[in-house]
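What follows is one structure encoded as structure tokens, with my remarks underneath.
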Amino acid sequence: MKHHTLLMPLDMHLHLRDGIMLENIALLSAYSFSGALVMPNLVPPVRSKEELLAYKARISQAVGMEAADEDEFEEIGEFSDNGGFEPYMTLFYQNYDKVFLAEIAEEITAIKLYPAGITTNSEGGVKNFDLNEMRPTLEAMAELNIPLCVHGETDGFVMDREAEFMNIYDALATNFPKLKIIMEHITTKAAVEMLDKHPNLFATITVHHLLMTLDDVAGGMLKPHLFCKPIAKRPQDRDALLQIALNAHPKVMFGSDSAPHPRDKKESCGCAAGIFTAPIALQLLCELFDKHGKLENLQAFVSDNAQSIYSLCPEFKEVILAKRPFKVPEDYKGVVPMYAGETIGWAIEDVN
Ligand code: NCD
Ligand code: ZN
């Protein structure tokens with residue numbers, strides 16, 4: 001059987017939620033990833049040092065927990081008390097003063113900017129991109145070496161939202177050349193083209209945007225579990241994403257944007273945006289990179305590039321994957337994953 005080993009996989013865009021959901025799903029990421037960049041879009045969002053440290057403590061508690069129901073985790077292998085998972089914390093962007101930023105800099109890996117109302121729990125985000133108003137915060141971030149992660153969508157027509165945001169990336173990257181800017185979960189050829197325009201621009205890509213187009217979401221029967229923001233785009237967009245991911249372009253990193261919602265919030269007449277991929281992301285990536293004969297580039301895409309871009313030193317973890325059929329569970333504690341009930345081509349064999 002063909003095997004492939006990944007060292008210290010990192011998920012550079014993850015929604016871990018809070019409360020029961022956090023307790024139910026955090027272990028699934030902690031099992032196979034060395035660390036993850038944790039999104040701050042809680043209700044209310046993470047905006048103070050107290051909130052941030054308290055949230056980090058709740059995450060650490062959730063990943064330190066023994067699996068309550070061992071059967072649930074049988075599918076993903078033997079479960080140990082997994083200490084080797086680092087939650088890299090983010091703060092929700094608003095204009096902050098430099099004193100506050102200097103005080104919190106050691107506790108955070110990045111600050112995440114959401115345009116107001118553009119996605120789940122982003123109501124408190126940025127209303128208009130007035131760079132002069134944002135200048136003191138962004139200059140302080142550049143000085144303190146705090147990267148800015150951006151959900152890059154306008155409120156325009158849904159298929160054009162990301163492309164329309166390119167002007168804003170251009171302006172941010174030009175005006176703040178020392179600020180590291182990460183274009184989160186890019187979905188378009190336009191974003192791929194933007195990446196090399198500025199040395200201070202980087203990007204994350206999800207596994208679902210490498211696999212799907214809008215056809216998979218809405219071309220036949222509507223698939224609520226494949227609905228997310230930004231929505232999957234055209235074949236030529238997906239091809240552009242595949243090109244840079246499969247070749248492990250040094251400015252791109254894997255970020256799952258795994259965004260769990262309870263089943264009733266997805267299978268609903270107002271379906272919440274978000275695809276749950278955390279427990280199957282590495283298996284899907286192995287299958288995809290293998291299919292394209294690019295397995296040797298997966299290590300850079302799932303870890304090495306992120307380590308250099310963010311200057312991270314994750315603890316040792318080795319994930320051994322095998323090319324054998326794996327039936328994706330129908331749900332993980334009530335959360336339906338991508339490809340639920342379907343059989344994929346790679347499985348996790350062991351984690352050390
Ligand atoms: C995310 C969520 O549910 O928090 N949803 C999504 O569709 N990706 C928010 C986000 O990253 O846009
Ligand atoms: Zn997200």
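Order of listing sets the numbers, starting from 1, for every ligand and every atom in it.
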Exercise. When you look for protein heavy atoms under 4.0 Å from ligand 1, which residues do they belong to?
Worked result: His13, His15, Arg17, Asn41, Thr119, Thr120, His151, His185, Cys228, Lys229, Asp257, Ala259, His261, Ala273, Gly274
For this session: Report yes or no: is the cationic atom of Lys294 (NZ for Lys, CZ for Arg) under 6.0 Å from the centre of the six-membered ring of Phe289, at an angle within 45° of the ring normal?
Result: no
For this session: Scan side-chain atoms only and decide if His249 and Gln243 contain a donor-acceptor pair under the 3.5 Å cut-off.
Result: no
Problem set entry | Aromatic centroids of Phe129 and Phe165 separated by under 6.0 Å | yes
Exercise. Rounded to the nearest 0.5 Å, how far does CE of Met39 lie from CE of Met89?
Worked result: 10.0 Å
For this session: Please name all residues satisfying side-chain hydrogen bond (donor to acceptor under 3.5 Å, both in side chains) with His13, sequence neighbours left out, ordered by chain then number.
Result: His15, Glu184, Asp257
Problem set entry | Residues in side-chain hydrogen bond (donor to acceptor under 3.5 Å, both in side chains) contact with Asp304, at least two apart in sequence or another chain | Gln299
Problem set entry | NE2 (His13) to the Zn ion (ligand 2) to NE2 (His15) angle, given to the nearest 10 degrees | 110°
Exercise. Among pairs that include at least one residue of residues 141-160, which meet salt bridge (Lys or Arg N to Asp or Glu O under 4.0 Å), considering only residues two or more places apart or in two chains?
Worked result: Lys98-Glu143
Problem set entry | Atom of Asp257 nearest the Zn ion (ligand 2) (restricted to N/O/S, atom name only) | OD1
